[in-house]
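The structure appears right after this line, and notes come after that.
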Amino acid sequence: MTIVSPHLGTSAEWTDARLLYALEEVVEQELNRHLKVAKDWMPHEYVPWSDGRNFPGIFEDGEAWEKEQSKVTEIGRIALVVNLLTEDNLPSYHHEIASLFGRDGAWGTWVHRWTAEEGRHGIVMRDYLLASRAVDPDKLEQFRMAHMSEGFESDNRHSMLHSVAYVAFQELATRISHRNTGHQSGDPVCDRMLARIATDENLHMVFYRNLLKAAFELAPDLTMQAVRDVVVNFRMPGHGMPGFERAAAQMAIGEVYNLRIHHDDVIQPVLRFLKVMEIDGLGPDGQAAQEELGLYMGGLDAEAAKFDEKLAARKARMAARAAG
């Protein structure tokens, strides 16, 4: 099947301002669709409050935190901290998208609605972690202060089209990370909480993915270049937090998020839905970007295969040690 995208103007004519205006009607349609399917939920209903007790401090009966107080697994603890610290940077994310998309009209309504929904995620995760004693509360707060004090600047802040392309993939990546963290946490309460968060993230992904589809119809060459740039240079928004590289390596081994998951469950589904590799009628720059994207995806799959082999070998060694 070949998809022909009409050129409604040359790449040179498409500024951020023109694209924002041209996509306003699509944003309104997607916003209305989102509001019909999104369900409000109460963060406090997902927190095991009866498990909570005082920590040392102003309370004389405070009990110091110890790892054994929680049933959460080690990989679950690591991933929960990474995921929560990522959610903690919501003020910076809001500032960036509000600056790019604006605060008026359908764009502004979406920006504020998205921020309000995302705010629940940090609330419920922190409350769960403290009530269940899944993490050291002092270290968690130290990490939050260090991470937020560094500030956050998106790799795609220079372009609204790059930003739309990025969040289409990033929202799905976040959904997958939360969902897999829940599966690996060892706590059904945690799993339910993260499943609820993942549902929100999926709806956010659908909003941006559909917006990206409309951008392909308006400005196929520019959109193809933006998708190419975002996919090739993709980084999770929490990459600047303390100890991120080590935590990311542990999460990869723990099968929360790794190259295979990134390729199969995040990048490919979005590209496949948009039929990115089937789009025809592109100009020279768009066609070059499409070809580069195809080559990159082939290389990513090969790298994921190498990781799969290493992970399988590691599991075999661990099984052999356990049997011996």
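None of these values were measured; they are calculated from a predicted model. Starting from 1, each residue takes its place in the sequence as its number.
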List the atom of [X], the atom of [Y], and the distance in Å for their closest heavy-atom pair.
| X | Y | result |
| --- | --- | --- |
| V72 | A134 | CG2-CB, 3.8 Å |
| D221 | G283 | OD1-N, 2.7 Å |
| R77 | S70 | NH2-CB, 4.4 Å |
| V47 | A131 | CG1-CB, 3.8 Å |
| L274 | R209 | CD2-O, 3.7 Å |
| T86 | P237 | CG2-CG, 3.7 Å |

Determine whether more than 12 heavy atoms belonging to other residues, nucleotides or ligands lie under 6.0 Å from atom [atom1] of [X].
| X | atom1 | answer |
| --- | --- | --- |
| R314 | CZ | no |
| D61 | CG | yes |
| Y296 | OH | yes |
| Q268 | CD | yes |
| E28 | CD | no |
| M277 | CE | yes |
| E25 | CD | no |

What's the spacing between [X] [atom1] and [Y] [atom2] if we round to 0.5 Å?
| X | Y | atom1 | atom2 | value |
| --- | --- | --- | --- | --- |
| T73 | H183 | OG1 | NE2 | 13.0 Å |
| D104 | E24 | CG | CD | 9.0 Å |
| M205 | Q170 | CE | CD | 11.5 Å |
| S159 | Q225 | OG | CD | 10.5 Å |
| L212 | L161 | CG | CG | 7.0 Å |
| L31 | L211 | CG | CG | 11.5 Å |

Criterion side chain to side chain donor-acceptor pair (under 3.5 Å) against E255, the qualifying member of K315, R260, Q184: K315

Would you say [X] and [Y] make side-chain contact, with heavy atoms under 4.5 Å?
| X | Y | answer |
| --- | --- | --- |
| H44 | D127 | no |
| R53 | R133 | yes |
| E201 | E118 | yes |
| L100 | S154 | no |
| L85 | R144 | yes |
| L271 | L293 | yes |
| H95 | S99 | yes |
| M236 | V82 | no |

query: After noting the C-alpha distance and the side-chain angles of T174 and H121, does the key distance pass the side chain to side chain contact (heavy atoms under 4.5 Å, CB included) rule?
result: CA-CA 11 Å; T174 304; H121 304 168; over 6 Å; no

Does [X] reach the main-chain N or O of [Y] with its side chain, forming a donor-acceptor pair under 3.5 Å?
| X | Y | answer |
| --- | --- | --- |
| Q290 | I279 | yes |
| T223 | A219 | yes |
| N156 | S163 | no |
| N54 | G62 | no |

Less than 4.0 Å between a side-chain N and a carboxylate O, is that true for [Y] and [X]?
| X | Y | result |
| --- | --- | --- |
| D40 | R113 | yes |
| E309 | K306 | no |
| R196 | E45 | no |
| R126 | D88 | yes |

Going by atom types only, do [X] and [Y] share a side-chain donor-acceptor pair under 3.5 Å?
| X | Y | answer |
| --- | --- | --- |
| H147 | N89 | yes |
| D187 | S132 | no |
| S92 | E96 | no |

- prompt: What about L295 and V227, same hydrophobic cluster or not, with Ile/Leu/Val/Met/Phe/Trp/Tyr joined at side-chain heavy-atom distances under 4.5 Å?
  reply: no

message: Is there a path of hydrophobic side-chain contacts, each under 4.5 Å between heavy atoms of I/L/V/M/F/W/Y residues, joining L222 to Y21?
response: no

- request: Would you please indicate if the ring centroids of Y166 and F234 are separated by under 6.0 Å?
  value: yes

query: Strictly under 6.0 Å, is that where the ring centroids of Y46 and W41 end up?
result: yes

message: Given D136, which partner from the list F143, F55, W65 fulfils the side chain to side chain contact (heavy atoms under 4.5 Å, CB included) test?
response: W65

- prompt: Mind checking whether F152 and Y93 have parallel, tilted or perpendicular rings, split at 30° and 60°?
  reply: perpendicular

- prompt: What class does the angle between the rings of W110 and H204 fall in, given that below 30° is parallel, 30 to 60° is tilted and above 60° is perpendicular?
  reply: perpendicular

